[in-house]
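Values reported hereafter were calculated over all heavy atoms of this structure, with side chains retained and with hydrogens, waters and symmetry mates removed.
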Amino acid sequence: MPYRAPVAEMTFLLNEVVGFDAVSATERFAEASPDMVQAVLGEAGRICEEVMAPLNRAGDLQGAKLENGVLRSSPGFAEGYAALAEGGWVSVSAPPEFGGMGLPVAVGTAVNEMMSGACLALQLNPLLTQGQIEALEHHASEEIKALYLPKLISGEWSGTMNLTEPQAGSDVGALTSKASANGDGTYAVTGQKIFISWGDCDFTRNVCHLVLARLPDAPAGTKGISLFLVPKFIPDASGAPGVANDLKVVSLEHKMGLHGSPTCVMSFEGATGWLIGEEGDGMRAMFTMMNNARLGVGGQGIGAAEGAYQHALDYAMERKQGRSPDGTIVGHADVRRMLAGMKADILAARSIALSCAVAIDMGRATGEADWIARAAFLTPIAKAFGTDIGCEVAEAGVQVYGGMGYIEESGAAQYYRDVRVTAIYEGTNGIQAMDLVGRKLMDGGEAAGRLLDEIEAQAEAAKAGLPDLAGAVWEAAESLREATEALVATPMPERFGVAVPYLRAFARVLGAHFHLRAAMADPSGAHARLARFYITRLLPEHAGLLAHVSRGDAELMAITAEDLAA
């Protein structure tokens with residue numbers, strides 16, 4: 001059952017639903033014409049189908065291994081990565097002055113999602129490098145940029161991020177890794193990091209680690225954290241990988257999925273590193289990489305959902321069981337319900353992610369504060385909803401298969417095992433929701449209000465042709481506006497108990513908005529029928545979610561730890 005890159009759907013959403021034409025109209029991205037974007041997506045889709053997808057199952061069955069301290073990647077991954085690097089797919093949106101394509105983030109987001117659908121374990125490697133490229137572009141010295149960016153962008157070197165420690169997960173400020181000045185402009189970095197995706201690699205010439213550590217006499221908490229670039233091999237005078245640095249992979253984690261992506265326990269033992277940004281400003285620099293990764297991880301969830309959906313659909317179209325009008329299980333009402341829900345949720349999540357990327361592009365191209373605020377507001381929604389939908393669609397895919405879904409040979413379970421971690425890393429989805437009701441509502445709800453204004457205006461425009469659907473979307477947006485205003489008036493700690501249902505409700509309404517736009521662009525086609533399914537059957541979930549939000553956190557927090565243990 002081969003993977004089919006959804007190039008046509010990506011093109012439709014960019015052109016008709018998420019407003020990519022505004023990006024193409026800017027001076028910065030004027031070269032990103034519809035024809036050029038179509039060509040880029042088409043070639044990326046071909047690479048995904050022909051090169052990456054065949055590696056997906058092999059990587060699951062023969063995962064990365066650590067043999068006598070040497071990392072051995074899954075069979076075929078080296079050749080697959082080489083094809084990505086040679087085609088420039090590591091650096092779709094990277095700066096042209098250092099060798100990148102310089103294309104809009106929206107295009108890069110579409111490419112990354114297709115790569116995730118084809119082989120999530122391998123795609124994670126260039127995704128991390130892309131985040132490091134952005135962090136260095138914004139915070140590194142000119143000397144570091146000149147040396148590292150061309151090699152990272154070309155794919156010759158790869159990048160990682162090193163935050164988590166055994167005692168410091170989401171509470172990054174509890175980290176204990178240390179750094180001390182060597183007196184020559186470099187630093188000695190010491191500490192242990194865990195959960196480091198692609199912490200080592202046998203098909204790039206160097207692996208460059210961004211490591212959070214604390215300088216001597218630095219204050220406690222996040223304000224005392226600095227960021228260091230620590231390469232596996234220290235570059236020599238010519239910039240080529242030289243002597244081995246004082247770091248090593250201690251072990252590989254035994255994981256539920258993503259077996260082809262090595263997750264490493266890293267030990268830094270006085271390793272030579274270079275300060276990135278200012279002392280004590282490491283979290284700000286690292287968040288540049290993490291924000292890039294959060295949208296990317298949302299895309300990973302959507303890509304895995306697409307792969308799981310295609311896998312389940314192909315099976316349903318072939319599997320004969322019982323009597324149905326179609327002769328196969330796709331004709332059974334419950335199977336049709338699951339498949340329609342999977343497809344509708346993928347469109348919603350994909351549109352949110354692409355819309356977030358468009359806002360990032362417009363913010364970079366225009367510098368306008370409203371676009372920047374819109375991108376910031378949409379990022380936690382794109383990450384959390386994209387990965388939640390990835391998990392839900394993959395789980396539904398197993399159900400479509402029935403008993404065979406529980407058998408590993410069918411391949412259905414791999415999608416769920418692989419995607420499950422995306423709802424955890426780069427900030428759990430609960431943390432994304434807390435960010436949304438916390439930092440992202442610190443403007444008094446202005447960014448949220450502008451989005452809701454847009455949704456309601458679009459619904460008004462749709463009333464002539466799709467009155468019932470448009471009315472439902474308008475009413476949902478108004479209910480969400482009332483909930484947002486009430487939440488803004490709620491003291492900060494009390495918001496956290498309702499953060500997750502609020503984010504989910506916002507995503508549901510945004511999904512309805514984008515479905516409505518798709519229906520307006522394709523009024524007699526499949527998009528209109530799918531929009532009707534989403535708006536009449538899935539959008540109503542927002543009412544229950546907002547009922548949860550309206551209750552606040554009192555009843556939740558009244559349940560004691562003793563009650564839970566009773």
Side-chain angles (χ1 to χ4, degrees), residues 1-10 45 48-50 52-62 113-121 256-260 300-350 386-420 422 515 525-534 536-538:
M1 296 179 182
Y3 171 77
R4 301 175 296 278
V7 174
E9 182 70 357
M10 294 288 192
C48 289
E49 292 173 354
E50 297 179 5
M52 295 190 70
L55 302 175
N56 193 46
R57 190 64 176 153
D60 186 53
L61 296 175
Q62 299 182 60
E113 191 219 292
M114 291 190 292
M115 291 169 58
S116 300
C119 184
L120 183 55
M256 174 179 175
L258 285 180
H259 298 146
Q300 287 185 324
I302 302 161
E306 177 69 34
Y309 169 72
Q310 290 185 17
H311 203 67
L313 177 64
D314 287 349
Y315 180 78
M317 298 282 271
E318 296 173 359
R319 173 65 169 166
K320 295 179 180 180
Q321 183 79 19
R323 297 179 180 179
S324 78
D326 302 79
T328 61
I329 64 170
V330 77
H332 293 306
D334 191 53
V335 174
R336 187 73 60 89
R337 175 191 63 81
M338 287 188 284
L339 291 170
M342 294 160 80
K343 188 173 181 66
D345 270 339
I346 289 170
L347 186 146
R350 180 178 284 147
T387 57
D388 278 346
I389 292 306
C391 294
E392 291 167 22
V393 168
E395 191 276 337
V398 174
Q399 190 72 11
V400 169
Y401 265 81
M404 287 304 300
Y406 202 64
I407 305 301
E408 282 290 352
E409 284 77 6
S410 72
Q414 182 189 343
Y415 289 103
Y416 185 75
R417 289 188 289 99
D418 284 356
V419 77
R420 186 59 186 85
T422 63
H515 267 286
H527 287 100
R529 292 187 288 276
L530 195 65
R532 183 165 296 278
F533 176 90
Y534 183 97
T536 60
R537 294 171 181 261
L538 300 184

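- Interatomic distance, C391 SG to R420 CZ, rounded to the nearest 0.5 Å: 5.0 Å.
- Here the closest non-hydrogen pair linking A396 and M338 is O-SD, 4.3 Å.
- The local environment of CE in M256 is crowded, with over 12 non-hydrogen atoms from other residues, nucleotides or ligands closer than 6.0 Å.
- Taking the six-membered ring for Trp and the full ring otherwise, H515 and F533 have centroids separated by 6.0 Å or more.
- Between the side chain of S410 and the backbone N or O of M404 there is at least one donor-acceptor pair closer than 3.5 Å.
- For the atom pair NE2 of H527 and NZ of K343, the computed distance is 6.5 Å after rounding to the nearest 0.5 Å.
- Shortest non-hydrogen contact noted between V419 and G390 is CG1-O, 3.7 Å.
- Under the 3.5 Å distance criterion, with hydrogens and angles disregarded, a donor-acceptor pair is assigned to the side chains of E306 and Q310.
- Side chain of E49 to backbone of A5: a donor-acceptor contact under 3.5 angstrom is found.
- To the nearest 0.5 angstrom, H332 atom NE2 is 12.0 Å from L339 atom CG.
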Side chain to side chain contact (heavy atoms under 4.5 Å, CB included) between V400 and R319, intermediate numbers included | CA-CA 10 Å; V400 169; R319 173 65 169 166; over 6 Å; no
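- Taking the six-membered ring for Trp and thresholds of 30 and 60 degrees, Y415 and H311 have ring planes inclined between 30 and 60 degrees apart.
- Once rounded to the nearest 0.5 Å, the distance linking CD1 of I329 with CZ of R336 reads 11.0 Å.
- The CD1 atom of I302 lies 11.0 Å from the CG atom of D388; values are rounded to the nearest 0.5 Å.
- Listed here is the closest heavy atom pair of M52 and A118: CB-CB, 3.8 Å.
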Derivation and outcome, side chain to side chain contact (heavy atoms under 4.5 Å, CB included), residues Q414 and N56 = CA-CA 9 Å; Q414 182 189 343; N56 193 46; 3.4 Å; yes
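- The pair R417-E408 meets the salt-bridge criterion, since a charged nitrogen lies less than 4.0 angstrom from a carboxylate oxygen.
- Two residues are said to be in side-chain contact when any heavy atoms from C-beta on lie closer than 4.5 Å; L347 and E9 meet this criterion.
- Residues V393 and A305 share a closest heavy-atom pair of CG1-O, 3.4 Å.
- Residues G397 and A312 approach most closely at CA-CB, 3.9 Å, considering heavy atoms.
- Note that CG of L120 and CG of L258 are 5.0 Å apart. Values are rounded to the nearest 0.5 Å.
- The shortest heavy-atom contact between A412 and Y401 is CB-CD1, 3.8 Å.
- Here the side chain of T328 pairs no donor or acceptor atom with the backbone of E318 at under 3.5 angstrom.
- Counting heavy atoms from C-beta outward, R337 and R537 have side chains that stay 4.5 Å or more apart.
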